[in-house]
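Below is one structure, written out as structure tokens, with a few remarks after it.
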Amino acid sequence: MSRNVYKEMMNRAVPSAALVRKTKTRMKKEESIVIKQSLKLAFRPAIVVVMVMVLATGTVFAAINLLGAGDVAEQLGNPSLSAAFEGESAVEINASQTAGGYTFTLMSMVSGSDISDQRVTRNGEVLSDRTYAVIAIQKADGSPMADFDDPAADDERFFISPYVKGYAPQELNSYMLSGGGSMTIIDGVLYVLTDVDNITMFADRGVYIGISSGVFFFGEAFIFDEGTGEMAPNPAFDGVSVLFDLPLDISLADPEKAEQYMAGLLGADGEDGEGASEGAYDEYGDYQREVVVEVDDGNSGYWLEVARD
Amino acid sequence: MAIQSFRTDDDIDEVVERYSSMVYRLALAHTKHAHDAEDVFQDVFLRYVSRPRGFESEEHRKAWLIRVTINRGRSLWSAWFRKTEPLSDDMVFETQEEGDLYEYLKLLPQKYRTVIHLFYCEDLSVRQIGEALGAKESTVRTWLTRARAILGEKLKGGFPDEQERL
């Protein structure tokens with residue numbers, strides 16, 4: 001008997017599509033409860049970190065041959081955001097770091113309400129006050145990034161997330177901030193336009209943009225100093241791990257709003273994690289805490305849903 | 001120009017897509033019954049949601065899923081071990097050889113079936129199997145040897161007894 005007989009036989013045993021679908025639905029319902037509970041546990045008095053914005057050691061300024069952030073937003077079908085990136089409130093950064101054979105350039109960021117043609121909702125609530133950032137990712141050797149339909153692209157996927165000093169990365173990251181975005185490849189450069197809830201309220205603490213290998217958050221990617229609340233890339237991590245300090249204007253910090261934001265994630269009543277999203281479940285328990293992104297196509301006047309979880 | 005969108009809920013979709021077959025197959029091998037395997041499948045992924053956020057590595061994530069699948073399979077089996085209904089055959093066999101193998105596998109003790117599955121289907125090393133089961137490597141080797149010996153006696157042509165991956 002060949003050793004493959006067993007493997008080939010078992011490989012034909014696959015879960016039904018209905019089972020997979022049902023499981024995902026239940027997981028997403030469960031996740032919203034878990035997130036609220038974990039935030040409740042994690043929530044603690046703020047560690048105020050007065051920071052001087054210094055770009056990370058090893059960071060170089062290099063944005064040669066890259067599109068502008070406004071151009072990227074335009075290419076991604078978001079002319080309003082493109083205009084915002086060209087406006088005065090945008091913060092042009094253009095800081096690059098090279099790691100793992102890739103050069104990551106944090107190009108620009110902009111925050112504000114209703115500055116995007118994309119409409120993101122959570123449980124039906126429109127999330128209009130957002131922070132947007134554009135990151136360019138290039139192969140360090142000058143070769144093009146793999147196209148999305150190329151299997152090699154699986155090795156060129158990165159988890160991009162803001163992290164706030166004073167909070168462990170597993171406590172506050174893109175998951176908590178309703179993060180998402182879109183990306184495209186132009187002239188071999190992968191441009192990522194990512195959006196999260198407005199993070200300028202945390203400016204007095206200091207905020208990072210972290211990039212790590214894979215599509216999941218891995219705690220091992222970064223080292224968190226509980227004493228200082230600061231993070232650093234973990235040199236022992238098996239993959240890319242880079243951090244950029246965001247040069248946020250400290251005068252934009254709003255500690256009270258930040259505290260309310262965190263409390264709001266616990267639920268409207270702030271008691272047992274029930275409340276805000278409780279009504280989002282139907283009697284069959286189907287998950288309805290959907291983050292929905294819509295984009296105005298600019299022509300028909302209709303909102304087109306382009307991504308829906 | 002291709003554009004891709006992403007959201008943080010992608011984590012759930014991604015992990016289920018990537019590991020659904022592995023978890024289901026292991027649950028089926030462990031419980032021998034499709035309905036039980038489906039229960040274990042759902043339970044494992046629901047527990048995934050409430051795990052501590054983040055894994056040290058992809059290998060860490062996979063090991064966690066294997067370990068929890070086995071543990072939940074044990075719990076399920078413990079809760080239902082008195083049921084007397086006949087085991088259903090949910091597998092599709094392409095050869096008589098496969099059918100025979102499956103019948104004999106079902107007769108093996110659960111721990112033997114599990115090590116056979118992890119070694120021959122999931123390509124885990126003896127060390128990795130030991131970590132997943134909370135057993136010593138020497139114990140895993142013993143179970144593998146005994147399981148092969150039992151299957152080898154019953155199957156025409158024996159059962160592959162290859163060098164163990166360490």
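Letters A, B, ... are given to chains in the order of the sequence lines, protein chains preceding strands, and every chain is numbered from 1. We use all heavy atoms of the structure for the numbers below, so side chains are in, but hydrogens, waters and symmetry mates are not.
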**OP:** Side chain from CB out, backbone as N, CA, C, O: work out which of these in A:Ile185 comes under 4.5 Å of a heavy atom of chain B, or both, or neither.
**Re:** backbone
Original post:
Can you check whether B:Leu26's main-chain N or O pairs, donor with acceptor, with B:Thr69's side chain at less than 3.5 Å?
Top reply: no
Original post:
Under a 4.5 Å heavy-atom cut-off, does chain B meet the side chain of A:Asn11, its backbone, both or neither?
Top reply: both
Subject >> Contacts of A:Asp238 that satisfy side chain to side chain donor-acceptor pair (under 3.5 Å) - sequence neighbours left out >> reply: none
Original post:
Can A:Ser116 and A:Asn78 be counted as having a side-chain donor-acceptor contact under 3.5 angstrom?
Top reply: yes
Subject >> Contact class of B:Leu105 relative to chain A, heavy atoms under 4.5 angstrom >> reply: side chain
**OP:** Specify whether B:Tyr112 and B:Trp143 have parallel, tilted or perpendicular ring planes, treating 30° as the upper limit for parallel and 60° as the lower limit for perpendicular.
**Re:** tilted
**OP:** Below 4.5 Å from any heavy atom of chain A, which atoms of B:Ala27 appear? Answer side chain, backbone, both or neither.
**Re:** neither
